[in-house]
Amino acid sequence: MVESQTQPSLISLQLPESDAVIELFPEVWQAVENLASGDVHTREKSLDTLLKSGAHRVSPLVAYVLATRLFDPNLPVRGKIVSTLADLMRRNEEGTYAAEGVRSQVITALSYFEDRALVAVMEVGINQPERITDVVKLVKYSPQAGKCLKEIAADREADEVMRRAAIQLLGQIGFVDALSELERLRNRIETRLGGQKRMPFAPTGSSSEVSLLPDLQKSILALQISE
């Protein structure tokens, strides 16, 4: 069971950038409030304001609010949020990381929102493949990512596109403990496919599962190499 999320602090004092606290009022806080606006253009403008201010790199509270927008119904906005949060986990152009409290808040949020956050991030990767590097970066910091991805990959009731994305991520990130699960899934599909070829009069079964085989083979190979 995930522990309660800690209250994020207003500003981190760990970096020289902490003098940016001057810039946090009042425009930035107005932008933070407007991230929850029902108007997508207002949310887009507010996000741009925050990113220009640099407040998200020094304020754990701003980082927390950004993390809550992982569920933004507008995929382009959500995609920009994913990229922003992923950037917080990297060094900037000057070679420095965002404040430790900021990065901690991103990880805590991913843990707190559990599988919902992971699915929201995966949807960005599916619809905006140009952001896949950022998607992979965030998924790596999701504590339950391996378990959730394995469950999605094996779920015959799940959407085919989502299953494929889970299979690909397992291989790309290198969740070696998923190898046996992917091999079982591949063997089951191949066995059923072989049976259908021997008995062409039998029901064809799920063609969507058969379409997963190329990605399964690729991820299995990647994980075998990683072992």
Side-chain angles (χ1 to χ4, degrees), residues 1-37 42-72 74 76-122 124-125 128 130-146 148 169 173-174:
M1 184 175 179
V2 177
E3 295 181 0
S4 299
Q5 189 167 17
T6 56
Q7 180 66 36
S9 57
L10 172 67
I11 188 77
S12 173
L13 300 177
Q14 296 171 317
L15 301 176
E17 292 175 286
S18 60
D19 57 10
V21 67
I22 300 172
E23 301 175 23
L24 294 179
F25 305 96
E27 185 181 20
V28 168
W29 293 126
Q30 184 64 58
V32 169
E33 291 181 8
N34 286 340
L35 281 177
S37 169
T42 299
R43 299 201 302 277
E44 288 175 328
K45 184 178 179 180
S46 298
L47 181 55
D48 288 340
T49 297
L50 283 177
L51 298 187
K52 288 177 183 177
S53 75
H56 61 302
R57 294 191 65 82
V58 296
S59 172
L61 181 57
V62 172
Y64 163 75
V65 174
L66 285 173
T68 67
R69 300 315 303 170
L70 280 173
F71 307 105
D72 196 292
N74 181 272
V77 172
R78 194 193 308 173
K80 198 165 185 178
I81 293 290
V82 165
S83 293
T84 298
L85 294 176
D87 282 343
L88 290 177
M89 310 310 289
R90 303 184 178 107
R91 296 180 187 273
N92 63 11
E93 294 177 353
E94 286 72 43
T96 60
Y97 283 109
E100 183 178 343
V102 167
R103 287 178 284 135
S104 176
Q105 192 57 224
V106 174
I107 296 172
T108 300
L110 289 171
S111 175
Y112 183 74
F113 296 130
E114 299 181 306
D115 295 356
R116 293 187 302 129
L118 183 61
V119 170
V121 172
M122 288 173 64
V124 168
Q128 301 172 54
E130 70 276 12
R131 297 189 190 274
I132 192 62
T133 301
D134 297 327
V135 168
V136 169
K137 186 70 172 180
L138 274 193
V139 171
K140 285 181 179 179
Y141 284 99
S142 178
Q144 297 297 318
C148 180
L169 285 170
I173 297 175

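Throughout, numbering of the chain's residues begins at 1 and tracks the sequence. Scope of the values below: all heavy atoms of this structure, side chains included, with no hydrogens, waters or symmetry mates.
For the atom pair NZ (Lys140) and CD1 (Ile107), the distance works out to 13.0 Å, reported to the nearest 0.5 Å. Taking OG1 from Thr84 and CG from Leu47, the interatomic distance works out to 5.0 Å, rounded to the nearest 0.5 Å. Between atom CD of residue Glu44 and atom CG of residue Leu35 there is a gap of 11.5 Å, rounded to the nearest 0.5 Å. Note that the CG atom of Leu66 and the CG atom of Leu51 stand 7.0 Å from one another [nearest 0.5 Å]. Taken to the nearest 0.5 Å, the CE atom of Met122 stands 10.5 Å off from the OG atom of Ser142. Taken from NZ in Lys137 to OG in Ser83, the straight-line distance is 13.0 Å, to the nearest 0.5 Å.
For the pair Thr108 (side chain) and Ser104 (backbone), a donor-acceptor distance under 3.5 Å is present.
In this view, Glu94 and Asn92 satisfy the side-chain hydrogen bond (donor to acceptor under 3.5 Å, both in side chains) rule, not counting sequence neighbours. Residues satisfying the side-chain hydrogen bond (donor to acceptor under 3.5 Å, both in side chains) criterion with Asn74, sequence neighbours excluded, are absent altogether. Annotation: side chain to side chain contact (heavy atoms under 4.5 Å, CB included) contacts of Lys45 (sequence neighbours excluded): none. Applying the side-chain hydrogen bond (donor to acceptor under 3.5 Å, both in side chains) test to Asp48 and every residue at least two apart in sequence or in another chain returns Lys80. Applying the side chain to side chain contact (heavy atoms under 4.5 Å, CB included) test to Ser37 and every residue at least two apart in sequence or in another chain returns Asp39, Thr42, Arg43. The side-chain hydrogen bond (donor to acceptor under 3.5 Å, both in side chains) search around Arg90 returns Asp87, Asp134, not counting sequence neighbours. Contacts of Gln128 classified as side chain to side chain contact (heavy atoms under 4.5 Å, CB included), with partners at least two apart in sequence or in another chain: Leu75, Val124, Glu130, Arg131. Partners of Ala117 by side chain to side chain contact (heavy atoms under 4.5 Å, CB included), not counting sequence neighbours, listed by chain and number: Leu70, Phe71, Leu110, Phe113. Residues forming a salt bridge (charged side-chain N to carboxylate O under 4.0 Å, His left out) with Arg78 (at least two apart in sequence, or on another chain): Glu123. For Tyr141, there are no ring-ring contact (aromatic ring centres under 6.0 Å, His included) partners, not counting sequence neighbours.
Heavy atoms only, all atoms of each residue included: Leu50 and Ala31 are closest at CG-CB, 4.0 Å. Across Ile132 and Gly125, no two heavy atoms sit closer than the pair CD1-CA, 4.4 Å. Nearest approach of Arg57 to Tyr97, heavy atoms of both residues: NH2-C, 3.3 Å. Contact record, Val139 with Val121: CG2-CG1, 4.1 Å, taken as the closest heavy-atom pair.
Looking at Val32 and Leu61, their side chains never come closer than 4.5 Å, going by heavy atoms from C-beta outward. With a 4.5 Å cut-off on side-chain heavy atoms, His56 and Leu88 count as touching. Put simply, the side chain of Val102 does not reach to within 4.5 Å of the side chain of Val58, judged on heavy atoms.
The salt bridge (charged side-chain N to carboxylate O under 4.0 Å, His left out) contacts involving residues 60-71 comprise Arg69-Asp72, where partners must be two or more places apart or lie in separate chains.
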